[in-house]
Amino acid sequence: MKASTTISNLKHHDGEEVTLAGWVYKNRPSGKLVFLVVRDGTGLCQCVIEKGDASADYFDDAKRLSQEASVVIRGTVNADERSVGGYELRVTGLDIVHASTDYPITPKSHGVEFLFKHRHLWFRSQRQFLIMRLRHTLIDAIRSFFNTNGFTCIDTPIFAPSAGEGAQTLFEVDYFGDPVYLAQTGQLYLEAACMSHGKVYCFGPTFRAEKSKTRRHLTEFWMVEPEIAYASLDEVIDVAEDFVCSIVERMLNDHRDDLIELGRDITELEKIKKPFYRVRYHEAAELLRGPKAKALLERDLEEKNARITELDQLIIDLEAQGETAKKQWQKDKAAQEIVAAREESSELKEQVANIPHHMELAANFKIGSDLGGSDETIISRLHDKPVFVTHYPASVKAFYMRRDRENPDLVENFDMLATEGFGEVIGGSAREEDYDRLLKRISEEKLPQADYEWYLDLRRYGSVPHGGFGLGLERTVSWLCGLRHIRETIPYPRMMGAVYP
RNA sequence: UCCCCGAUAGCUCAAUGGUAGAGCGAGCGGCUGUUAACCGCUAGGCUGUAGGUUCGAGUCCUACUCGGGGAGCCA
């Protein structure tokens, strides 16, 4: 009942007899042959069972095996191009560990709602399996970067007595009769820790009660936050740049094939090398109001409209194809392509409808307001590498951000916009190290000073310039894997109105 | 919170206001070094809920519930 090797290691056992322990991914039985595709958590392997084999008393059982039955299977390894993964197993023995009947997730298409209701089973599907492996590697790459660059991991609490950021987006929890909040960030706690260790980071779940139902939002997500003592804004940005380069490189090294299988355009990731672009907020505003942004959106409008026309024609053609098709599977295929084309078309139509609005927002962008989602997309798409946008107006940013000493209307902060319009992945800043300035900001924001006494202490005893940033893990996974929706990047997504399973 | 779209078999989708269908999946049989195989048969439905219009509603109208997409907000 125990595996002697794994599917990923079959290449080292060509010609030998091995035992695999796994689950049936697909079964194609016939009169004299059974093709069993088995997965074992390391890959897929086709196992061939012939009725002619003298000892094949398990042939009829094998024929009836259905999707996701658990099996321990012995056989001889053969290199074979016709097989997934290049190796197949000529079966010599089969133990059925547990049957599986009416497995809900079939190889055919399913809707999003259905799949997420079956998240606990959906994990087993190849694509979800790959995404979780990529996420795993990314987590390791993140920790490795900090661990090998002199950072100490200091975990911060999840129950927090007061808000780190906007108070409307907090989850309130009853804590022995008193209200506490689920942490939105560990930053303030980390600032304290960096005064002890110099360079620190935390990596854990954070919670935002934002009522947003978009492809970019989760109510529970993972964030890594480094914090560095004696660092200026530029030095913090340097770290962010090295950090992003190192995780991208690691993903390309370890998962090139997986990324390609997921449909990711690798060449876009290969461009992510130092130096990234650094643009001040005021320059970004000029960019938005300038001719390049306008041209980009106009070209977008043209391309999208052209694609819509193309899709409409495609739908007509497919309908004709479906009617004249002789084979049922051809009709089926046409029908499914129609569904896909309609979906793409209606999505594009919505985007097209939004473009004039986005153009207006960009063209009339007012200095002093925050960059909107569409503005970020425009700036990101005007560059072929990530962009750091720095020095935002203080009025739209958090109280702890360090005032620009040369221009007191601005703060020393930065957002890193990912490539290809994926939007903000990192937000960071230099922190206000001056006691009086910080205290003034706390009272301006009408925050309860008593709650922040410990935080003010950091400015009473040996305060130094320092700063850090936060990177959203799931947004990074979706950026690097090229996934259109963030919900696939976390094992159990928590979104507005979605907490099952 | 606002705008748009949707809800029909276990799943994915059809169905001029006029008898609810197909494919997949499931079950049975046949057949093939198969790659979403294929062929035949069988089972499977109070068309999201509640009202309304109509001789007649899956289809039209209203409200609600749930889901998807977008806006705002954000990592």
Side-chain angles (χ1 to χ4, degrees), chain A residues 25-37 44 46 48-50 64 66-67 80-84 88 90 101-118 165-166 168-169 184-185 206-225 319 322 327-336 338-340 342-343 346-354 357-358 361 370-374 376 396 398 415-418 422-428 469-479 484-487 489 495-498:
Chain A
Y25 197 67
K26 265 184 233 172
N27 191 9
R28 287 185 295 276
S30 72
K32 288 168 192 145
L33 277 168
V34 173
F35 295 103
L36 213 56
V37 178
L44 295 174
Q46 175 164 278
V48 187
I49 303 162
E50 280 191 72
R64 263 180 273 280
S66 51
Q67 212 185 334
D80 195 315
E81 279 180 13
R82 293 171 293 189
S83 213
V84 263
E88 69 174 22
R90 193 55 71 122
T101 48
D102 298 328
Y103 185 71
I105 302 175
T106 67
K108 290 273 176 168
S109 64
H110 297 285
V112 191
E113 190 189 357
F114 179 82
L115 288 169
F116 278 101
K117 269 188 186 152
H118 295 85
E165 302 192 357
Q168 302 90 342
T169 63
Q184 293 183 313
T185 167
T206 50
F207 307 87
R208 308 253 166 119
E210 278 154 15
K211 290 190 176 167
S212 26
K213 284 171 73 170
T214 79
R215 62 179 63 176
R216 299 171 45 71
H217 286 86
L218 295 166
T219 53
E220 178 183 316
F221 65 95
W222 284 64
M223 186 156 69
V224 60
E225 298 177 273
E319 278 169 351
K327 297 277 182 190
Q328 186 55 51
W329 68 266
Q330 289 172 323
K331 291 186 187 206
D332 216 33
K333 197 180 159 201
Q336 237 177 54
I338 289 170
V339 171
R342 278 189 191 145
E343 249 170 50
S346 77
E347 199 175 303
L348 282 170
K349 277 174 189 157
E350 183 145 19
Q351 286 174 12
V352 162
N354 278 330
H357 179 54
H358 291 165
L361 282 177
D370 209 348
L371 293 176
S374 62
E376 288 182 353
V396 298
D415 283 348
M416 194 195 85
L417 309 180
F422 267 89
E424 189 181 340
V425 167
I426 289 179
F469 61 88
L471 170 129
L473 176 68
E474 287 76 18
R475 281 193 182 174
T476 308
V477 174
S478 67
W479 173 40
R484 55 193 296 281
H485 206 299
I486 197 166
R487 64 192 159 198
T489 65
M495 295 173 297
M496 235 187 99

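The chains referred to below are lettered A, B, ... by the order of the sequence lines, with proteins before strands, and numbering in each begins at 1.
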Have a look at A:E225 and say if it touches a base, only the backbone sugar-phosphate, or nothing, with a 4.0 Å heavy-atom cut-off.
-> nothing
May I have the distance from A:N27 (atom CG) to B:U35 (atom P), rounded to whole angstrom?
-> 14 Å
Listed partners of A:H118 passing side-chain hydrogen bond (donor to acceptor under 3.5 Å, both in side chains), at least two apart | none
B:U12 and B:C31: how far apart are their C1' atoms, nearest whole angstrom?
-> 27 Å
Interatomic distance at C1', B:A7 relative to B:A15, whole Å = 16 Å
Counting primed atoms, P, OP1 and OP2 as sugar-phosphate and everything else as base, the B/S/- map of nucleotides 64-73 of chain B against protein heavy atoms under 4.0 Å is --SSSBS-BB
Which heavy atom of A:G427 sits nearest a heavy atom of A:D415, and at what distance?
-> CA-OD1, 3.6 Å
Starting at NZ of A:K26, measure out to CG of A:L36 and round the result to the nearest 0.5 Å.
-> 12.0 Å
Rounded to whole angstrom, note down the P distance from B:A14 over to B:G72.
-> 31 Å
Taking atom C1' in both B:C74 and B:G23, compute the distance separating them and give it to the nearest angstrom.
-> 43 Å
What residues, two or more places apart in sequence or in another chain, satisfy side-chain hydrogen bond (donor to acceptor under 3.5 Å, both in side chains) together with A:H110?
-> A:T106
Report the distance from atom CD of A:Q67 to atom P of B:G10, rounded to the nearest whole Å.
-> 18 Å
A:T489: what forms a side chain to side chain contact (heavy atoms under 4.5 Å, CB included) with it, not counting sequence neighbours?
-> A:E474, A:V477, A:S478, A:L483, A:I486
Integer-rounded Å distance: B:G33 P and A:E50 CD = 10 Å
Please list, chain by chain and in numerical order, all residues satisfying side chain to side chain contact (heavy atoms under 4.5 Å, CB included) with A:H485, sequence neighbours excluded.
-> A:R215, A:R487, A:M495
Interatomic distance where NE2 belongs to A:H110 and C1' belongs to B:G10 [whole Å] = 10 Å
Could you give the CD1-to-C1' distance, from A:I105 to B:C11, as a whole number of Å?
-> 11 Å
What distance, rounded to whole Å, do you find between the two P atoms, one in B:A22 and one in B:G45?
-> 14 Å
For the side chain of A:R28, starting at C-beta, report the closest nucleotide among B:C74, B:G25, B:U35.
-> B:U35
Which of the following nucleotides, B:U34, B:A36, B:U12, is nearest to the side chain of A:F114?
-> B:U12
Which whole number of Å gives the distance between the P atom of B:U8 and that of B:C13?
-> 9 Å
Mind pulling the stems RNA chain B is in, i.e. runs of at least three Watson-Crick or G-U pairs, everything under 3.5 Å?
-> B:1-7 with B:65-71, B:10-13 with B:21-24, B:26-30 with B:38-42, B:48-52 with B:60-64
Starting from C1' on B:G27, measure out to CZ on A:R64 and report it in whole angstrom.
-> 11 Å
Test ring-ring contact (aromatic ring centres under 6.0 Å, His included) applied to A:F35 - qualifying residues, sequence neighbours left out | none
Please answer whether B:G33 and A:F35 are stacked, defined here as ring centres separated by less than 5.5 Å and planes angled under 30°.
-> no
Does A:H358 have any ring-ring contact (aromatic ring centres under 6.0 Å, His included) partners at least two apart in sequence or in another chain, and if so, which?
-> none
Looking only at non-hydrogen atoms, find the nearest pair between A:R64 and A:N27 and report the distance.
-> C-ND2, 4.4 Å
Take atom CG of A:L33 and atom C1' of B:C38, then tell me their distance rounded to the nearest Å.
-> 15 Å
Residues that A:Q67 engages under side chain to side chain contact (heavy atoms under 4.5 Å, CB included), provided they are two or more places apart | A:Y103, A:P107
Verify side-chain contact (heavy atoms from CB on, under 4.5 Å) between A:V224 and A:L473, making sure each step is shown before the conclusion.
-> CA-CA 7 Å; A:V224 60; A:L473 176 68; over 6 Å; no
Could you tell me whether A:E474 contacts a base, only the sugar-phosphate backbone, or nothing, with contacts defined as non-hydrogen atoms closer than 4.0 Å?
-> nothing
With nearest nucleotides of RNA chain B determined for A:K26 and A:Y103 from heavy-atom distances, which residue corresponds to the more 5′ nucleotide?
-> A:Y103
Select base, sugar-phosphate, or nothing to describe what A:G111 touches, counting heavy atoms under 4.0 Å on all strands.
-> sugar-phosphate
Rounding to the closest angstrom, what is the interatomic distance between B:U54 and B:C61 at atom P?
-> 16 Å
Using atom P of each nucleotide, how far apart are B:A43 and B:G10 to the nearest Å?
-> 16 Å
Length of the line joining A:R208:CZ and B:A75:C1', which is rounded to integer Å | 6 Å
